[in-house]
**Student:** 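Structure below; questions to follow.
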Amino acid sequence: MKVDMSWIDYLIMMIYFVFVLGIGWFLRKFMKNANAFLEAGRSIPAWVAGLAFISTNLGALEVMGMTGSGMKYGMLTTHFYWIGAIPAMIFLALFMMPFYYGSKARSVPEYLKLRYDEKTRGLNAILFAVMTILASGISMYALAILLEKVLGWDFNLSLWVSAMIVLVYTYLGGLSSAIYNEVLQFFIIILGLLPLVFLSLKDVGGLSGLKEGLAPIAESGGYATDTFVTTWKYTAEATSNPLGVEWFGILFGLGFVLSFGYWCTNFLIVQRAFAAESISAARKVPLIGAIPKMFIPFLIIVPGIIAIVLMSDPGKGFTLPLDSNGRPVYDYTIIMLLKQYLPAGVLGLGITALLASFMSGMAGNVSAFNTVWTYDIYQSYIRKRTENHEADDRHYLNVGRVATVCGILLSIASAYIASKFGNIMDFLQTIFSMINAPLFAVIFLGMFWKRTTGHAAFTGLLSGFLIALTHHGLTAPIGANTLFKGGWIAVIHDYPVEMAQNFWTAIIAFTVATTVTVVLTMLTKQKKTEEELTGLVYSLTPRISDQHLPWHKRPAGFAVLVAIICVILSIIFW
Amino acid sequence: MVDIRYPIGLMFTILGVLVTVFGFLTMSDPGMYQKSLGINVNIIMGILMLVFGLFMLILALRKRKKE
């Protein structure tokens, strides 16, 4: 399965590395204090932050995993890009950014501190810090394994070299360097994968050839002939589509709970909007990111769907490597397509695109980790601010730099743990990501109901997290052969697929967190005054007036445009 | 701080020239473009990157001129 690379491919990769490191080197002179290093001095233009917002989400696991999902579920995978992202991004832009940005909070945990109390911030900060390290380590491990199997590179060498490049540019230029490089990486990913879409589509006879090729495959799987090229048509019942989830699970589980939990409260993503140069720019960031987000499926999911047809035609010579159980490894779909279609030259561009996606994901994790560590853990519990603000600033800048180094080293350590105990690491990441749904419930109530109290929020957050854990322990997807997939307490309910289990875990966690927070709010006393809550709660914050701007420059006008595009795409692929 | 369009424009201009030249040099290699269905994808992508790189550089220079 090895891909042979030539000198031109390595040269393209080297040029990319030189520019990535050069951006970090150039920005180092601007890193004079903690604000510049950890918050990019709140000076990033909207379009730069918007592309970085999406690039952070385009990590290696996303690119590899979503192409693999395209091969398993067809166009149903686009739910993660349309209903599972766009409404949440619009909501973040219109309703949440004014409070995040306007409150001068430097992170999501700090917003929780300002709105609620210290213990709610502490719980979120610690869980988030652990989650980013785990995610970064798992992503690093996946990339190193891929480079070892496909390019024949040494596992240790590729792990350390890729991590060191990210370390150098984030250490030198902080969040600014991560964001600027994410924009560069965004364009590399787009241009690197573009030829793959056209060549593979041409090979199966264009769109009509693709539909014809998919029909017998869908039929043999017991589905309608056009199942792989539709998104909503066969979601009346979970068993009538390969995703194994019915419309309610998709709409409420993915479209509301999971996506709002991820896009609106995950600091890894919203940190890019926090770095924008003004409140108006911060509100545009998710909307600018939403435009490419809607079209990325054509770049990474469509090749996965094409691979279904290629696999079924022995004449095409397209195969996937098999795992130890003899099943195809779907995550390697994209790299096998690169090998199948790209000659020397553009092959280097494609491999560089995969490396760029890994780096943007990892730099995002590290820059979010060092901000949360410095402001929400170190500054809160280890060394608080003193009277000497200038000395403090220098001190926290150094802490931020040390946190960057430690974040990378911890990620490398977790990558090695993943290489020995992959299932345990996946399990831990699943567990820690369960905080997203209850966190959204608590932040949503805090922003839109001034009565919500700190004690209620903390208990709601914790109970939502614990109920998600319990639900995972009591249910399992059918055919699960390991307790890491669920059912580690007892199996009282089976889900048709793991995806359905994830959706319902989030729905139940969100519902419990909301209920507990509302009930306890009724029973506890609000300790914050209305003055303290100004800028943090919708009803106590003056509206931002943008009536003097033309419609397309207003966030609401821009949001309508984004929503219309999303609806049109959903109708075309209904 | 810095206009990101400079490094983006410069990098894609360099990559565009490199890949285009490589595409022309390997034009007559019979086996080279067999797997890309006979299409010299290097020339196409090289020119695309070159145009994109120059476009970004022009945007950055125009902004600097305005300022």
Side-chain angles (χ1 to χ4, degrees), chain A residues 6-9 11-13 15-16 18-20 22-23 26-27 29-31 36 40-41 43-45 47-48 51-52 173 176-177 179-188 190-192 194-196 198-203 277 317 338-350 352, chain B:
Chain A
S6 73
W7 63 270
I8 181 90
D9 301 319
L11 183 58
I12 287 169
M13 211 178 281
I15 290 170
Y16 163 73
V18 166
F19 272 88
V20 163
I23 287 173
F26 183 82
L27 290 171
K29 62 185 174 195
F30 298 101
M31 300 300 119
S43 63
I44 305 290
W47 76 272
V48 172
L51 291 180
S176 304
S177 181
I179 287 176
Y180 281 143
N181 270 310
E182 281 157 6
V183 177
L184 186 76
Q185 286 149 354
F186 172 81
F187 289 117
I188 273 278
I190 300 295
L191 287 165
L194 199 59
L196 192 63
F198 289 104
L199 290 172
S200 57
L201 195 57
K202 182 177 161 58
D203 197 23
E277 61 191 351
L338 289 175
K339 181 191 173 192
Q340 175 97 351
Y341 289 110
L342 300 190
V346 282
L347 176 65
L349 205 60
T352 303
Chain B
M1 198 181 279
V2 62
D3 191 339
I4 186 64
R5 285 174 288 203
Y6 281 116
I8 290 175
L10 191 58
M11 187 181 89
F12 280 105
T13 302
I14 292 169
L15 287 177
V17 170
L18 182 71
V19 172
T20 306
V21 169
F22 183 75
F24 278 111
L25 291 175
T26 53
M27 225 169 156
S28 53
D29 185 339
M32 180 78 181
Y33 296 103
Q34 209 166 16
K35 62 178 178 177
S36 57
L37 315 176
I39 300 166
N40 191 330
V41 73
N42 277 324
I43 291 181
I44 296 169
M45 285 310 294
I47 291 171
L48 186 65
M49 285 195 289
L50 183 58
V51 169
F52 175 69
L54 291 171
F55 174 68
M56 290 303 255
L57 282 175
I58 289 166
L59 283 181
L61 289 167
R62 272 182 58 183
K63 192 187 174 196
R64 194 160 76 169
K65 214 175 174 183
K66 263 185 192 173
E67 287 169 351

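Because the structure is a prediction, the values reported are computed rather than measured. Quick note on labels: first sequence line is chain A, next is B, and so on, each numbered from 1.
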**Student:** Using heavy-atom distances under 4.5 Å, tell me whether B/Ile39 contacts chain A through its side chain, its backbone, both, or neither.
**Tutor:** side chain
**Student:** Could you walk me through whether A/Ser200 and A/Tyr341 pass the side chain to side chain contact (heavy atoms under 4.5 Å, CB included) test, one step at a time?
**Tutor:** CA-CA 7 Å; A/Ser200 57; A/Tyr341 289 110; 3.6 Å; yes
**Student:** Under a 4.5 Å heavy-atom cutoff, which of B/Val41, B/Leu37, B/Leu10, B/Val19 has the most pairs with chain A?
**Tutor:**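 Most pairs with chain A among the choices: B/Leu37.
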**Student:** Only pairs of heavy atoms separated by less than 4.5 Å count here; which of A/Leu11, A/Ile15, A/Ile179, A/Leu191 has the most with chain B?
**Tutor:**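 Of A/Leu11, A/Ile15, A/Ile179, A/Leu191, A/Leu191 has the most heavy-atom pairs under 4.5 Å with chain B.
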**Student:** Provide the closest heavy-atom pair for A/Gly192 versus A/Leu342 in the form atom of the first, atom of the second, distance.
**Tutor:** O-CD1, 4.4 Å
**Student:** Please determine whether side chain to side chain contact (heavy atoms under 4.5 Å, CB included) holds for the pair A/Tyr180 and A/Gln185, giving the CA-CA distance in whole Å, both sets of side-chain angles, and the decisive distance to 0.1 Å.
**Tutor:** CA-CA 9 Å; A/Tyr180 281 143; A/Gln185 286 149 354; over 6 Å; no
**Student:** Check each atom of A/Val346 against the heavy atoms of chain B and say whether the ones under 4.5 Å are side chain, backbone, both or neither.
**Tutor:** both
**Student:** Show the numbers, then the answer: is there a side chain to side chain contact (heavy atoms under 4.5 Å, CB included) between B/Tyr33 and B/Asn42?
**Tutor:** CA-CA 9 Å; B/Tyr33 296 103; B/Asn42 277 324; 2.9 Å; yes
**Student:** Ring-plane angle category for A/Trp7 and B/Phe22, please: parallel below 30°, perpendicular beyond 60°, tilted otherwise.
**Tutor:**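 Rings of A/Trp7 and B/Phe22: perpendicular, as their planes differ by over 60°.
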**Student:** Below 4.5 Å from any heavy atom of chain A, which atoms of B/Met45 appear? Answer side chain, backbone, both or neither.
**Tutor:** side chain
**Student:** Measure distances from A/Phe19 to the heavy atoms of chain B and classify the residue's part below 4.5 Å as side chain, backbone, both or neither.
**Tutor:**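 The side chain, not the backbone.
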